[in-house]
Amino acid sequence: MWLYLVALVGLWTLLRFIRERKVVSNLQDKHVFITGCDSGFGNLLARQLDRRGMRVLAACLTEKGAEELRNKTSDRLETVILDVTKTESIVAATQWVKERVGNRGLWGLVNNAGISVPLGPIEWMNKEDFAKILDVNLLGMIEVTLSMLPLVRKARGRVVNVSSAVGRVSFSGSSYSISKYGVEAFSDSLRRELSYFGVKVAIIEPGAFKTALISNGGISSSIKTLWDQASSEVKEVYGEEFMLYYLRTMTSLVETCSEDLTLVTDCMEHALTSCHPRTRYSAGWDAKLLYLPMSYLPTFLSDAFFYWSSAKPAQAL
Ligand SMILES: NC(=O)c1ccc[n+]([C@@H]2O[C@H](COP(=O)([O-])OP(=O)(O)OC[C@H]3O[C@@H](n4cnc5c(N)ncnc54)[C@H](OP(=O)(O)O)[C@@H]3O)[C@@H](O)[C@H]2O)c1
């Protein structure tokens, strides 16, 4: 009985492996538009797809980022300046893309731009702190998608949305998680609605990786700022010790996270080039072995894990 089961799982894995290796044809004629290419995953993906011969349309937030990227890539790669929080910037970028793709349409849209701060316990933040992250990570993604969708539909192409492992399990620093839960919901609806047009939607769920997003000190300074701005009541309830523990936990995340960004960009590349892309890609061992299994645990068990493994506020019961 067990032998049959193992053989069945083995066969299924082999068939899936063979199916997923099939690559779409004429990659050199396909345009891919990527947001947030100044650094991190977006920057590496742009260079990776350029090397593969695809026509990369890389959107950067700054001219400096765009120039640096152009210096490292072939003449085929083109850049545009895009701030995903500004409607006029999105409209201009869409027009720019339209002129380049013509009747072929846009094969790939990679919604990658994102920020991680302000980040801290919910009670330390105000509505504007939440809005700042949602504006880039979720509303920016939605507006870019709405604007580019007619071009993607024309090519019967792909939308690749960058979520996070914490788009599955939310714990401290929930403003970021909230935005990524939103990305998951948006992408699920989008995938179902666009399937009628032959457009495929993939979600990338990276664990923790050493990029500017989490390693440039932004997270720790954001926690300190939120603490400084917190009311005297919040400071009394949580206590300085809790704040320092929280700070240490978040900064130690930076030390333990993976430096191999290709684990993420290979998933993105697969989603854009395979005939049979996956719906979701978990990238990194923490995503695969911690966050993914935890997302399937009964809530009382994951709650208990977080309760017992974190520091308690000064006035916890
Ligand atoms: N690193 C991780 O551990 C991790 C884990 C899970 C998910 N992610 C997600 O992966 C994506 C890429 O992040 P990353 O880790 O590669 O960090 P990153 O190096 O900071 O890349 C983010 C990019 O987005 C750009 N950006 C920021 N605000 C923007 C805006 N308003 N409009 C357009 N572009 C904007 C940044 O430009 P500047 O560089 O000029 O600021 C940067 O190029 C994000 O969606 C992030 O949430 C990252």
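Side-chain atoms are counted along with the backbone in the values below, which use heavy atoms only and exclude waters and symmetry mates. Note that ligands are numbered from 1 as they come in the structure, with each ligand's atoms numbered from 1 the same way.
- At the shortest separation from atom 47 (O) of ligand 1 among protein heavy atoms lies Tyr176 OH, 2.5 Å.
- Residue Ser179 places no heavy atom under 4.0 Å from ligand 1.
- Considering backbone and side-chain N/O of Ala165, none are found under 3.5 Å from N/O of ligand 1.
- The shortest heavy-atom contact between Tyr181 and Arg168 is OH-O, 2.8 Å.
- The closest protein non-hydrogen atom to atom 44 (C) of ligand 1 is Asn112 O, 3.1 Å.
- Aromatic pair Trp124/Tyr246: ring centres closer than 6.0 Å.
- For atom 9 (C) of ligand 1, the candidate residues are Ile204, Asn43, Val162; the nearest heavy-atom contact is made by Val162.
- Here's the thing with Lys180: one of its N/O atoms is less than 3.5 angstrom from an N/O atom of ligand 1.
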Could you list the donor-acceptor pairs under 3.5 angstrom formed between side-chain atoms of residues 37-47 and any protein atom two or more places apart in sequence or on another chain?
| from | atom 1 | to | atom 2 | distance (Å) |
| --- | --- | --- | --- | --- |
| Asp38 | OD1 | Leu61 | N | 2.7 |
| Asp38 | OD2 | Leu61 | N | 3.2 |
| Asp38 | OD2 | Thr62 | N | 3.0 |
| Asp38 | OD2 | Thr62 | OG1 | 2.8 |
| Asn43 | OD1 | Arg47 | NE | 2.8 |
| Asn43 | OD1 | Arg47 | NH2 | 3.0 |
| Asn43 | ND2 | Cys37 | O | 3.0 |
| Asn43 | ND2 | Asp38 | O | 3.3 |

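- For a threshold of 3.5 Å applied to N or O pairs, the pair formed by Thr62 and ligand 1 contains no separation below that value.
- Of the listed residues (Ser89, Gly207, Ala287), the one carrying the non-hydrogen atom nearest atom 5 (C) of ligand 1 is Gly207.
- Below 4.0 Å from some heavy atom of Leu82 lie the following atoms of ligand 1, by number and element: 32 (N), 33 (C).
- Note on ligand 1: Ala208 sits in its first shell, one or more heavy atoms being nearer than 4.0 Å.
- Here the closest non-hydrogen pair linking Val101 and Leu57 is CG1-CD1, 4.2 Å.
- Checked against a 3.5 angstrom limit, the closest N/O atoms of Ile214 and ligand 1 fall outside it.
- Under the 4.0 angstrom criterion for non-hydrogen atoms, Ile115 is in contact with ligand 1.
- Side-chain atoms of Ser231 come within 3.5 Å of backbone atoms of Val234 as a donor-acceptor pair (strictly under, hydrogens ignored).
- Any N or O atom pair closer than 3.5 Å counts here, and Asp83 shares at least one such pair with ligand 1.
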